[in-house]
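Convention: sequence-line order gives letters A, B, ...; per-chain numbering from 1. Quick caveat, the model's predicted, so the values are computed rather than measured.
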2 protein chains.
Amino acid sequence: MPILQFSVNQTLYLRNPNDSVLGRKIISESIRLINQLGFEHFTFKKLARAIGSTEASVYRYFENKHRLLLYLIDWYWLWMDYRFEVVTQNLKEPKERLNACLKALLTDDSPGANGHEPNLRALKNLVMAEFEKTYLTKHVDQDNREGVFLPYKTVCKKLAALIREINPSFPFPHTLISTVMLTANHQLFYAEHLPSLTDIKAHTGHSDTQLECFLQLMIYKTIEP
Amino acid sequence: MPILQFSVNQTLYLRNPNDSVLGRKIISESIRLINQLGFEHFTFKKLARAIGSTEASVYRYFENKHRLLLYLIDWYWLWMDYRFEVVTQNLKEPKERLNACLKALLTDDSPGANGHEPNLRALKNLVMAEFEKTYLTKHVDQDNREGVFLPYKTVCKKLAALIREINPSFPFPHTLISTVMLTANHQLFYAEHLPSLTDIKAHTGHSDTQLECFLQLMIYKTIEP
DNA sequence: ATGGGCATGATAGCAATACTATCGTAAACG
DNA sequence: CGTTTACGATAGTATTGCTATCATGCCCAT
């Protein structure tokens with residue numbers, strides 16, 4: 001099984017974490033720790049302790065914890081983009097392609113993984129809980145100019161293009177897709193923590209099927225001419 | 001003009017900020033400062049300096065800045081709930097009522113304000129940028145048990161009930177409404193900062209009309225039998 | 001093999017943050 | 001008139017976020 005490697009925006013790191021053992025430990029352990037503590041309570045000192053290294057060494061890879069978060073999330077969307085390519089390569093019809101992407105977006109297929117690439121299930125959780133914090137800041141515009149949101153925007157653009165293919169006259173493809181993306185991220189969180197905000201039931205074993213069902217309904221009804 | 005007062009969840013403050021001059025200064029100045037600095041860089045020390053008081057005094061009103069944020073945001077949703085009551089009181093048809101609520105949700109009517117209640121436009125901005133940070137934390141469940149999300153949930157429930165009235169057999173009223181609420185919050189932010197994620201154009205003077213148009217389209221198409 | 005570069009570990013230090021505690025005073029309240 | 005109370009003033013502490021310095025041990029080129 002090939003090891004997944006994506007070239008993340010170089011402005012996000014000082015030293016490429018993929019090039020060294022320590023760097024890879026920083027990545028895998030930060031995913032675990034951010035999940036465990038939440039991003040607010042995650043610090044480089046705690047991370048360093050967890051990997052048996054020092055704060056100073058972590059700072060040699062990442063300017064600060066916010067850049068590290070951006071790195072992880074960029075990686076996630078690059079991976080999602082790759083998944084989209086994989087699941088759509090044999091499909092012609094835009095509707096089929098969109099459905100395949102939706103399924104890829106919602107289900108984690110990680111089980112078979114060989115344990116050496118980042119823990120994908122944990123990374124997905126991290127994105128669910130922390131993604132919005134990457135752009136709801138006072139330096140969005142600067143980060144955006146550096147291109148740190150490109151992988152996410154690429155994913156959105158591809159889906160919007162599929163909407164366009166299905167109904168070229170629909171006036172809000174991008175708005176609809178970013179709505180879908182947000183919802184995909186949030187509804188499972190609601191199901192678990194704020195159940196009165198959703199009709200999806202957590203822990204039924206098919207909460208992502210319910211969500212997929214809702215999203216398909218919403219998309220196709222909304223764009224139908 | 002009556003001064004707007006809502007009874008915010010009492011667990012959110014140590015001393016009711018409405019009962020004193022200092023308390024009211026804390027509220028109005030924190031809205032301004034959080035908007036200016038972003039919640040991450042907002043501190044009680046800066047707030048105290050801005051109102052000519054001390055850190056210790058602010059801590060006598062709020063346990064920490066996160067509780068203060070929750071207070072502001074609860075106040076906002078209580079206010080929105082009140083607006084919903086006002087704009088729907090003369091309307092019978094659920095569809096008309098829902099449309100009125102949507103309009104209330106999107107437009108700021110603050111202009112006529114007398115300048116003594118919280119700056120509503122600023123508060124709306126604050127909610128747009130910081131709302132999700134209130135529940136995307138490791139202590140959601142505990143906060144939720146204390147009822148700090150009730151005002152938001154109330155607003156969502158009322159809209160979901162309207163959906164139910166319009167089409168009782170639609171299976172996802174809460175999911176649809178929480179999707180709408182998120183979108184209402186985010187799309188204008190996208191228009192301003194991440195325009196490739198939306199079709200809505202900022203600074204055209206009618207961006208909220210475009211958004212209203214999209215949301216109505218999405219809602220009514222999605223729920224139609 | 002040898003000397004130079006380079007990644008890391010070790011340690012220190014500093015300014016800011018997130019609080020907590022104590023004390024005096026002046027107004028408010030009964 | 002005495003007492004509560006709200007507030008300001010000051011101090012202090014642990015943690016965070018970050019920078020700097022130095023020694024060591026490894027690899028790579030000569």
Side-chain angles (χ1 to χ4, degrees), chain A residues 10-30 32-72 130 133-134 137-139 142-143, chain B residues 10-30 32-72 130 133-134 137-139 142-143:
Chain A
Q10 295 194 14
T11 70
L12 288 179
Y13 51 80
L14 302 173
R15 213 200 290 309
N16 191 333
N18 252 316
D19 288 351
S20 71
V21 180
L22 181 62
R24 287 185 292 269
K25 275 207 277 183
I26 288 175
I27 298 305
S28 60
E29 189 62 18
S30 64
R32 212 189 53 77
L33 254 190
I34 294 175
N35 263 302
Q36 190 193 324
L37 304 175
F39 186 63
E40 287 66 28
H41 295 293
F42 165 83
T43 72
F44 276 4
K45 182 163 261 167
K46 291 172 188 169
L47 172 61
R49 206 182 316 140
I51 60 179
S53 178
T54 66
E55 220 183 333
S57 296
V58 179
Y59 274 105
R60 288 184 188 112
Y61 283 85
F62 293 97
E63 229 178 299
N64 54 53
K65 68 174 183 171
H66 192 258
R67 302 297 272 186
L68 169 54
L69 179 62
L70 280 167
Y71 178 95
L72 296 176
E130 319 289 353
K133 297 173 191 167
T134 57
T137 68
K138 283 288 162 186
H139 46 271
Q142 196 185 320
D143 287 345
Chain B
Q10 295 195 13
T11 70
L12 287 178
Y13 51 79
L14 302 172
R15 215 201 287 310
N16 191 330
N18 251 316
D19 289 351
S20 72
V21 180
L22 181 60
R24 288 185 291 269
K25 276 208 277 183
I26 288 175
I27 298 304
S28 61
E29 190 63 19
S30 64
R32 212 189 53 77
L33 254 190
I34 294 175
N35 262 302
Q36 190 194 324
L37 304 175
F39 186 63
E40 287 64 30
H41 296 293
F42 165 82
T43 71
F44 277 2
K45 181 163 262 165
K46 290 172 187 167
L47 173 61
R49 208 183 314 138
I51 60 180
S53 179
T54 65
E55 220 183 336
S57 296
V58 179
Y59 274 104
R60 287 184 189 114
Y61 283 85
F62 293 96
E63 229 179 299
N64 53 54
K65 68 174 183 170
H66 191 259
R67 301 296 272 185
L68 169 55
L69 179 61
L70 281 167
Y71 179 95
L72 296 175
E130 319 289 353
K133 297 173 192 168
T134 58
T137 69
K138 282 290 164 186
H139 46 272
Q142 196 185 319
D143 287 345

- Task: Please indicate whether His139(B) has more than 12 foreign heavy atoms, meaning atoms of other residues, nucleotides or ligands, lying under 6.0 Å from its NE2.
- Result: yes
- Lys46(A) vs dT16(D): side-chain N/O to OP1/OP2 distance below 4.0 Å: yes
- Determine whether Leu22(B) and Val58(B) make a side-chain contact, defined as any pair of heavy atoms from C-beta on separated by less than 4.5 Å. no
- Atom pair distance, as rounded to whole Å: CG in Asn18(A) and C1' in dA7(C): 17 Å
- Message: If you assign Ala56(A) and His41(A) each to the DNA chain D nucleotide with the nearest heavy atom, which residue ends up on the more 5' nucleotide?
- Response: His41(A)
- Message: Does dG8(D) have its OP1 or OP2 closer than 4.0 Å to a side-chain nitrogen or oxygen of Ser57(B)?
- Response: yes
- Query: Atom NZ of Lys25(A) and atom P of dT8(C): how far apart are they, to the nearest Å?
  - Reply: 10 Å
- Base, sugar-phosphate alone, or nothing: which one does Tyr61(A) contact when heavy atoms must sit under 4.0 Å apart? sugar-phosphate
- Message: Please report the distance, rounded to the nearest Å, between CG in Asp19(A) and P in dC27(D).
- Response: 16 Å
- Rounded distance in Å - CG (Leu14(B)) to P (dT5(D)): 16 Å
- Using a cut-off of less than 4.0 Å, is there contact between a side-chain N or O of Lys65(A) and OP1 or OP2 of dG17(D)? yes
- Round to the nearest Å and state the distance from Lys45(B) atom NZ to dG12(D) atom C1'. 11 Å
- Message: Looking at dT8(C), I'd like to know if its phosphate oxygens (OP1 or OP2) sit under 4.0 Å from a side-chain N or O belonging to Ser20(A).
- Response: yes
- Task: Tell me whether the OP1 or OP2 atom of dA10(C) has a side-chain N or O from Thr54(A) closer than 4.0 Å.
- Result: no
- Query: Does Glu63(A) make a side-chain donor-acceptor contact with the base of dC18(D), cut-off 3.5 Å?
  - Reply: no
- Over how many whole Å does the gap from Leu47(A) atom CG to dT8(C) atom P extend? 13 Å
- Query: Of all the nucleotides listed (dG17(D), dA18(C), dT11(C)), which has the minimum atom distance to the side chain of Glu55(A)?
  - Reply: dG17(D)
- Query: To the nearest angstrom, how far is His66(B) atom NE2 from dT17(C) atom P?
  - Reply: 18 Å
- Could you label the plane-to-plane angle of the Phe42(B) and Phe39(B) rings as parallel, tilted or perpendicular, counting under 30° as parallel and over 60° as perpendicular? parallel
- Which nucleotide in dT17(C), dG8(D), dA7(C) has an atom nearest any side-chain atom of Arg15(A): dA7(C)
- Message: Strictly distance-based, threshold 3.5 Å: is any side-chain N or O of Lys25(A) a donor or acceptor partner for the main-chain N or O of Ser20(A)?
- Response: no
- Glu40(A) with Lys133(A): basic N within carboxylate O range, under 4.0 Å: yes
- Query: In whole angstrom, what separates Phe62(A)'s CZ from dC18(D)'s P?
  - Reply: 14 Å
- Can you tell which of dT17(C), dC7(D), dA9(D) lies closest to the side chain of Leu22(B)? dC7(D)
- Query: Which nucleotide in the set dT21(D), dG17(D), dA9(D) lies at the smallest distance from any side-chain heavy atom of Arg60(A)?
  - Reply: dT21(D)
